[in-house]
Amino acid sequence: MNVLPKGVRHIPQRLDRQEQEALVDRIRECVARAPLFAPKMPRTGKPLSVRMTNCGELGWVADEGGYRYQPHHPVTGDAWPEMPHELLNLWQEVSGYDAPPEACLVNFYSETAKMGLHQDRDEDDFDAPVVSVSLGDDCLFRVGERVRGGRTTSIRLRSGDVVVLGGEGRLSYHGVDRIYPATSTLLKNGGRINLTLRRVTKPSAT
DNA sequence: TAGTCCCT
DNA sequence: ACCA
């Protein structure tokens, strides 16, 4: 029996179909203003297989300059679109963290896209959890420990599932090994969208 | 090492 | 494992 690492919480079907559709509408609006861009590996410039954009005050970007959060789109230079209130509500209900998320990374996975095992460690605040929402096709999600080479466990994520990496699970290695094509009807053109909500800065003490 | 490749 |  393979159990998820401590601090990793999988909430199956946290969002019903109607909520998922509403979120997809919000994300479409975001993408219309902040087009998907192609992130690159810092050292090598190798492109990641996902395409991404962000909403919220800060957005995660990856290019030759490194991994970082910045307040503007790397191509258009515009501020990121506002975080949809649905996501602020979800964060409030699920994160157990007082301050709101500052960044929502929107990752689009085609049928062939993957995400290698990695840690979310570009934030200043590791006290806040990372909240992830799956929309569209199923995927095989792998979670490990806080060190490379530790044991990993895999679970299938479906549209509407939410995963929370908090506490001891906050720095767990995780990634997406594969997309299961045509397993959802949510996205007309197929594929998978992952939304990752993160607190970047430590909340100020006022 | 948010990558690929290759092996079990 | 990779050798940057």
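The structure displayed is predicted, hence computed values, not measured ones. These numbers come from the heavy atoms of this one structure, side chains and all, not from hydrogens, waters or symmetry mates.
Judged as a side chain to side chain donor-acceptor pair (under 3.5 Å), and not counting sequence neighbours, the contacts of D138(A) are R156(A).
Relative to the six-membered ring of Y109(A), R192(A) meets both conditions, a distance below 6.0 Å and an angle of at most 45° to the axis.
K114(A) places its NZ atom 11 Å from the C1' atom of dG3(B), with the value rounded to the nearest Å. Rounded to an integer number of Å, the gap from Q119(A) CD to dA2(B) P is 9 Å. Note: CG (D177(A)) to P (dC6(B)) measures 17 Å, nearest angstrom. Rounded to whole angstrom, the span from the CE atom of M115(A) across to the P atom of dA2(B) amounts to 9 Å. In this structure, Y109(A) places its OH atom 8 Å from P of dG3(B), rounding to the nearest Å. Distance, E123(A) CD to dA2(B) P: 13 Å, rounded to whole Å. Between L117(A) atom CG and dT1(B) atom P there is a gap of 11 Å when expressed in whole angstrom units. When rounded to the nearest whole Å, the span between CZ of R121(A) and C1' of dA2(B) equals 12 Å.
Salt-bridge annotation for E123(A) and R170(A): present, with a side-chain N of the basic residue lying under 4.0 Å from a carboxylate O of the acidic one. Residues D120(A) and R198(A) are paired through a salt bridge, judged by an N-O separation under 4.0 Å between the basic side chain and the carboxylate.
Annotation for P84(A) and C55(A): closest pair CD-SG, 3.6 Å, computed over non-hydrogen atoms.
Residues Y97(A) and D125(A) have side chains that bring a donor and an acceptor to within less than 3.5 angstrom of each other. Checked by atom type, the side-chain pair D122(A)/W60(A) shows a donor-acceptor distance below 3.5 Å.
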Between N or O atoms, less than 3.5 Å apart, protein on one side and nucleotides 2-4 of chain C on the other: list the pairs.
from, atom 1, to, atom 2, distance (Å)
dA4(C), O3', R43(A), NE, 3.0

Practice task
Start with the C-alpha gap between H72(A) and W80(A), add the side-chain angles, then the distance that decides, and say whether ring pair (Phe, Tyr, Trp, His ring centres under 6.0 Å) holds.
Solution key: CA-CA 6 Å; H72(A) 58 271; W80(A) 302 107; 7.8 Å; no
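Taking every heavy atom of residues 59-72 of chain A and every atom of DNA chain B, pairs under 4.0 Å involve W60(A), Y67(A), by number.
R51(A) comes within 4.0 angstrom of no nucleic acid atom, judged by non-hydrogen atoms across all strands. Note on K40(A): nothing from the nucleic acid sits closer than 4.0 angstrom, heavy atoms only. As judged by a 4.0 angstrom heavy-atom cut-off over every strand, N194(A) is placed among residues making no nucleic acid contact.
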Problem - Base-pair map of DNA chain B as dot-bracket, where | denotes pairing with a different strand and pairs are Watson-Crick or G-U under 3.5 Å - result: ..||....
Sequence neighbours left out, cut at 3.5 Å: what donor-acceptor pairs do the side chains of residues 21-39 of chain A make with other protein atoms?
from, atom 1, to, atom 2, distance (Å)
E21(A), OE2, R17(A), NE, 2.9
R26(A), NE, E29(A), OE1, 3.3
R26(A), NH1, E86(A), OE2, 3.2
R26(A), NH2, E29(A), OE2, 2.8

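Pairs engaging residues 42-67 of chain A under the salt bridge (charged side-chain N to carboxylate O under 4.0 Å, His left out) rule: D63(A)-R68(A) [sequence neighbours left out].
Proximity of a side-chain donor or acceptor of D137(A) to a complementary backbone N or O of P181(A) within less than 3.5 Å is not detected.
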